[in-house]
Amino acid sequence: MKNHAFTIRLRDEAAAEKYIELHREVWPEVVGPGGALETIGVRKLQIFYIDPLTLFMYVEAEDHFEPVHDFLRANDLHPRVQEWDDMMHDGEGSLLVRHPGNDGRLNWAPMRRVHHVDFTNTLPDLEDK
């Protein structure tokens with residue numbers, strides 16, 4: 001499994017409210033069993049909000065997952081997925097705006113990990129005994 005982190009900005013306070021409301025019931029074509037995210041290899045996805053108007057997204061995905069390729073591919077899997085993406089990113093009515101300095105292919109700016117701690121793998125290796 002690989003993990004990825006991304007950030008993006010919300011257009012304004014009204015966009016923040018609408019974004020949070022829409023994410024209370026994300027369409028099954030996007031997040032349901034067999035939906036776009038599962039199909040492209042996403043296993044866990046969490047989005048966090050912090051003022052002012054900033055989102056952070058954490059993704060755990062299969063080893064083959066490549067964000068630039070697979071997030072874009074997800075939009076081709078079902079018309080409702082593209083419709084959802086358009087509500088978030090497309091045109092003057094979009095809820096999200098690129099983070100300053102993000103000129104990459106994805107609207108969400110990739111973040112670089114600078115520190116990691118993992119206490120979940122604490123079982124002793126039985127082969128050493």
Side-chain angles (χ1 to χ4, degrees):
M1 293 287 253
K2 289 183 185 177
N3 55 43
H4 306 269
F6 304 90
T7 189
I8 200 164
R9 303 277 307 188
L10 289 146
R11 184 175 30 92
D12 54 30
E13 289 295 333
E17 289 177 25
K18 185 171 182 180
Y19 184 90
I20 292 166
E21 180 64 30
L22 286 169
H23 279 79
R24 287 191 178 114
E25 293 188 42
V26 180
W27 301 343
E29 296 85 357
V30 177
V31 298
L37 291 178
E38 183 180 35
T39 299
I40 64 173
V42 171
R43 296 298 165 250
K44 292 183 183 180
L45 185 147
Q46 299 177 67
I47 299 174
F48 301 86
Y49 172 79
I50 186 171
D51 276 325
L53 302 173
T54 301
L55 296 173
F56 161 73
M57 178 169 58
Y58 174 78
V59 176
E60 290 181 20
E62 299 292 334
D63 288 339
H64 63 80
F65 177 79
E66 292 298 329
V68 170
H69 175 262
D70 291 314
F71 278 137
L72 297 175
R73 182 172 69 89
N75 292 339
D76 296 331
L77 296 175
H78 193 283
R80 295 268 293 172
V81 178
Q82 182 64 61
E83 183 181 350
W84 180 269
D85 192 67
D86 289 347
M87 281 193 310
M88 300 299 134
H89 300 286
D90 196 32
E92 287 185 33
S94 68
L95 302 177
L96 303 172
V97 293
R98 286 174 173 258
H99 196 277
N102 176 20
D103 59 359
R105 291 185 58 205
L106 290 176
N107 289 308
W108 286 76
M111 300 174 74
R112 180 174 56 101
R113 179 175 26 203
V114 296
H115 183 71
H116 175 81
V117 175
D118 184 353
F119 295 112
T120 62
N121 192 10
T122 58
L123 296 176
D125 186 352
L126 297 178
E127 293 180 17
D128 290 340
K129 292 186 177 194

Visitor: Between CG of Asn102 and CD1 of Ile8, what distance do you get to the nearest 0.5 Å?
Guide: 7.5 Å
Visitor: Under 4.5 Å between side-chain heavy atoms, hopping through other hydrophobics if needed: is there a path connecting Ile20 to Val97?
Guide: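 They do not share one cluster, since no chain of ILVMFWY contacts under 4.5 Å joins Ile20 to Val97.
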Visitor: Which heavy atom in Phe6 sits nearest to a heavy atom in Pro110, and how many Å separate them?
Guide: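 Nearest pair, atom of Phe6 first, then Pro110: CD2-CA, 3.6 Å.
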Visitor: Val59, Leu72: one ILVMFWY side-chain cluster at the under-4.5 Å cut-off?
Guide: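 Val59 and Leu72: one cluster.
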Visitor: Over all heavy atoms of both residues, which pair between Glu38 and Arg43 is shortest? Give the atoms and the distance, please.
Guide: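 Where Glu38 meets Arg43 most closely, the heavy atoms are O-NH1, 3.1 Å.
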Visitor: Using 4.0 Å as the upper bound for N to carboxylate O, is an ion pair formed by Arg24 and Glu21?
Guide: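 Here Glu21 pairs with Arg24 in a salt bridge, since their nearest N and O are under 4.0 Å apart.
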Visitor: Counting only N and O atoms by type, is there a donor-acceptor contact under 3.5 Å from the side chain of Thr54 to the main-chain atoms of Pro52?
Guide: yes
Visitor: Can you list the steps and then say if Leu55 with Thr7 is a side chain to side chain contact (heavy atoms under 4.5 Å, CB included)?
Guide: CA-CA 6 Å; Leu55 296 173; Thr7 189; 5.7 Å; no
Visitor: Taking all heavy atoms of Phe65 and all of Asp70, pick out the closest pair and write down the distance.
Guide: CA-OD2, 3.3 Å
Visitor: Return the CG to NE2 distance between Asn107 and His99, rounded to the nearest 0.5 Å.
Guide: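 Result: 13.5 Å between the selected atoms.
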Visitor: With salt bridge (charged side-chain N to carboxylate O under 4.0 Å, His left out) as the criterion, how do Arg73 and Asp76 come out once you've worked through the C-alpha distance, each side chain's angles and the decisive distance to 0.1 Å?
Guide: CA-CA 5 Å; Arg73 182 172 69 89; Asp76 296 331; over 6 Å; no
Visitor: Listed by chain and number, what are the ring-ring contact (aromatic ring centres under 6.0 Å, His included) partners of Tyr19, not counting sequence neighbours?
Guide: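 Expected list: His23.
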Visitor: Are there more than 12 heavy atoms of other residues, nucleotides or ligands under 6.0 Å from atom NZ of Lys2?
Guide: yes
Visitor: Between the side chain of Asp63 and the main-chain N/O of Met1, is any donor-acceptor distance below 3.5 Å?
Guide: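 Pair found, side chain donor or acceptor close to backbone of Met1.
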Visitor: Please report the interatomic distance NE2(His4) to CE(Met57), rounded to the nearest 0.5 Å.
Guide: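 Between His4 NE2 and Met57 CE, I get 10.0 Å after rounding to 0.5 Å.
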Visitor: So does Trp108 get a backbone contact from the side chain of Arg98, meaning a donor-acceptor N/O pair under 3.5 Å?
Guide: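 Looks like no, no N/O pair under 3.5 Å.
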Visitor: Is there side-chain contact between Ile40 and Leu77, with at least one heavy-atom pair below 4.5 Å?
Guide: yes
Visitor: Give me the atom names and distance for the closest heavy-atom approach of Phe56 to Met111.
Guide: CD1-SD, 3.6 Å
Visitor: Nearest heavy-atom pair of Ala15 and Leu10: which atoms, and what distance?
Guide: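 Residues Ala15 and Leu10, closest heavy atoms: O-CD2, 4.1 Å.
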Visitor: Which donor-acceptor pairs under 3.5 Å do the side chains of residues 81-88 make with protein atoms, sequence neighbours left out?
Guide:
{"unit_1": "Gln82", "atom_1": "NE2", "unit_2": "Asp86", "atom_2": "OD1", "d": "2.8"}
{"unit_1": "Asp85", "atom_1": "OD2", "unit_2": "Asn75", "atom_2": "ND2", "d": "3.3"}

Visitor: Could you check Leu95 against Leu22 for side chain to side chain contact (heavy atoms under 4.5 Å, CB included), going step by step and ending with a plain yes or no?
Guide: CA-CA 11 Å; Leu95 302 177; Leu22 286 169; 3.8 Å; yes
Visitor: Which heavy-atom pair separates Pro100 from Arg9 by the least distance, and what is that distance?
Guide: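 So the two residues come closest at CD-CG, 4.2 Å.
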Visitor: Is the backbone of Val30 close enough, under 3.5 Å, to the side chain of Arg80 for a donor and an acceptor to pair up by distance?
Guide: no
Visitor: Do Val68 and Phe71 land in one hydrophobic cluster if side-chain heavy atoms of ILVMFWY residues count as linked below 4.5 Å?
Guide: yes
Visitor: Enter the distance from Leu37:CG to Lys44:NZ here, rounded to the nearest 0.5 Å.
Guide: 15.0 Å
